[in-house]
Amino acid sequence: MVIGITCYPVAGGSGIVATELGQQLALRGHQVHFIAYALPFRLDRYQANVMYHGVETTAYPLFKYPPYTLTLAARMAEVVRSYDLDLLHVHYAIPHAACAYLARQLLAADGAPCPKVITTLHGTDITLVGSDPSYYDITRFSILSSDGITAVSKYLADETSQVFRVDKEIRVIHNFVDNHRFRPTEKQCERTEFVAHDEFLIAHVSNFRPVKRTLDVIDVFERISAELPAKLLLIGEGPDTILARRQINKKHLSDRVMFLGNQNRIEAVLPCADLFLLPSEEESFGLAALEALACGVPVIGTSGTGLVEVVDDFKNGFLLPIGDTAAMARAGISLLRDKGRLAEFKAQASRSALEKFGADRIVGQYEQYYREVLGG
Ligand code: GMT
């Protein structure tokens, strides 16, 4: 198949899933064309069957907001014509699904063959509508005019059907990890780079948006480190980074917290961690948690979110109510104190993550769905 993929190229779950999917599809012999305003975050090396088409939006004094959406739609149509794409797979409804619709209209007006369009919903695209209702109609229209719709969890599919009154099937295809890269092998990293022999390493990876509740991460860590020797590793950056730094200073934790900023090869660090914290307010799936589990790191996350499809409560982590940092810390402390149980959780983490969410299993589900949509 010849597949066009559009995503937000910045560090973030939706862009990562889109990029890793394109790379996996290319490995399976499909031709993949990324169409985006910058080189996607993890598309950091040459790979056969992968091409990148940048989208430039011209600045003009009249434009307060340069019309990126139009440039993207035109670029999509151009790439479809030049490479004879079978389908456009867009990640994130706003504005990508609307751009794909427009691209198709452009091609149809010229009598050119039109590709099928598949939209993958990642969650924050739907949340955005909650905070700005002016996006509701266009999002619903874009979702409904796609030939296929996928969501990254059942939790999100149900929410989308309900919020957008969608009767069409929304196929659930979970996030995945590359089985070869995300493994519980400490050969990839030196634990002693981060902690002393008797210290625990606790990690958090996110884009530091308010929804991630970074202050809860710090609070849980403070409680754990009051009882056990531990260090906190913070990976990623975003609007709440400053807040997090301030809190760390205020609580006199700076000598126990390390900020690594954005890292595009986190699988080289995660296997060294003993515990991963993701106390998000909202998480449609929680790719960061899955990547940690695959590297053999138990997760403490929030119940009532899509994390329930990722973390096996009491087997490879704990799911606790949003904001209950005391319970999260208690769960973390008791797990870290019990060496045997910690080892069991670690083994179970990578086993279940790779079995349920390995690329080997999930990428085939996308290929199958593509075939169904192309045949329909
Ligand atoms: O979590 C973020 O802020 C990034 C965001 C995105 O849209 O790029 O991630 C969303 O998509 C990921 C990939 O499907 C999911 O694993 C994340 O759970 C989801 N984030 C939220 O729902 C907050």
Side-chain angles (χ1 to χ4, degrees), residues 5-22 24 36-38 40-43 89-97 118-131 135 139 149-160 163 170-178 182 204-214 216-217 234-241 262 264 266 276-294 299 301-311 317 319 322 353 356-357 359 362-363 365-366:
I5 292 184
T6 290
C7 62
Y8 283 107
V10 291
S14 60
I16 291 175
V17 169
T19 307
E20 301 252 355
L21 175 61
Q24 292 289 333
Y37 65 76
F41 179 61
R42 284 198 188 168
L43 198 64
H89 184 177
V90 299
H91 293 257
Y92 224 88
I94 305 166
H96 301 151
I118 293 179
T119 299
T120 289
L121 304 170
H122 289 270
T124 46
D125 34 7
I126 306 306
T127 321
L128 183 62
V129 173
S131 57
Y135 286 116
T139 306
I149 315 160
T150 77
V152 297
S153 59
K154 180 169 181 311
Y155 166 84
L156 179 62
D158 291 347
E159 195 180 343
T160 309
V163 172
I170 301 178
R171 182 70 58 92
V172 174
I173 306 183
H174 288 122
N175 288 175
F176 62 90
V177 278
D178 179 337
F182 289 84
H204 168 76
V205 178
S206 79
N207 50 16
F208 287 70
R209 288 191 303 124
V211 73
K212 302 292 174 180
R213 297 185 69 99
T214 322
D216 282 4
V217 172
L234 295 173
I235 302 179
E237 53 193 51
D240 280 356
T241 309
N262 280 332
N264 59 11
I266 49 167
F276 188 85
L277 303 178
L278 196 63
S280 313
E281 182 100 39
E282 183 63 74
E283 206 60 76
S284 60
F285 180 89
L287 178 65
L290 172 60
E291 293 185 333
L293 290 171
V299 170
T302 36
S303 47
T305 67
L307 281 168
V308 297
E309 290 170 53
V310 187
V311 177
L319 295 174
I322 296 164
K356 289 200 259 177
F357 306 113
I362 306 288
V363 177
Q365 295 177 16
Y366 276 111

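Only this structure's heavy atoms are used, side chains among them; waters, hydrogens and symmetry mates stay out. Atoms within a ligand are numbered from 1 in the order they appear, just like the ligands themselves. Please read all numbers here as calculations on a predicted model, not as lab measurements.
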TODO: Output yes when a side-chain donor or acceptor of Ser284 lies under 3.5 Å from a complementary backbone atom of His122, and no otherwise.
DONE: yes
Open item on the list: Given 3.5 Å as the limit, does a donor-acceptor pair link the side chain of Asn207 with the main chain of Gly12, or not?
Closed with: no
TODO: With a 4.0 angstrom cut-off on heavy atoms, strictly below it, pick out the residues next to ligand 1 and order them by chain and number.
DONE: Gly12, Gly13, Ser14, Val17, Tyr92, His122, Thr124, Val152, Asn175, Asn207, Arg209, Lys212, Glu282, Glu283, Ser284, Phe285, Gly286, Leu287
Open item on the list: Which label fits Tyr366 and Phe176: parallel for a plane angle under 30°, tilted from 30 to 60°, or perpendicular past 60°?
Closed with: perpendicular
- [ ] Output the distance between atom CG (Leu278) and atom CD (Glu283), rounded to the nearest 0.5 Å.
- [x] 4.5 Å
Task: Sequence-distant partners of Glu281, side-chain hydrogen bond (donor to acceptor under 3.5 Å, both in side chains), two or more places apart - done: Arg213
TODO: Report the C-alpha separation of Phe357 and Phe182 in whole Å, then their side-chain angles, then the decisive distance to 0.1 Å, and conclude whether the ring-ring contact (aromatic ring centres under 6.0 Å, His included) test is met.
DONE: CA-CA 11 Å; Phe357 306 113; Phe182 289 84; over 10 Å; no
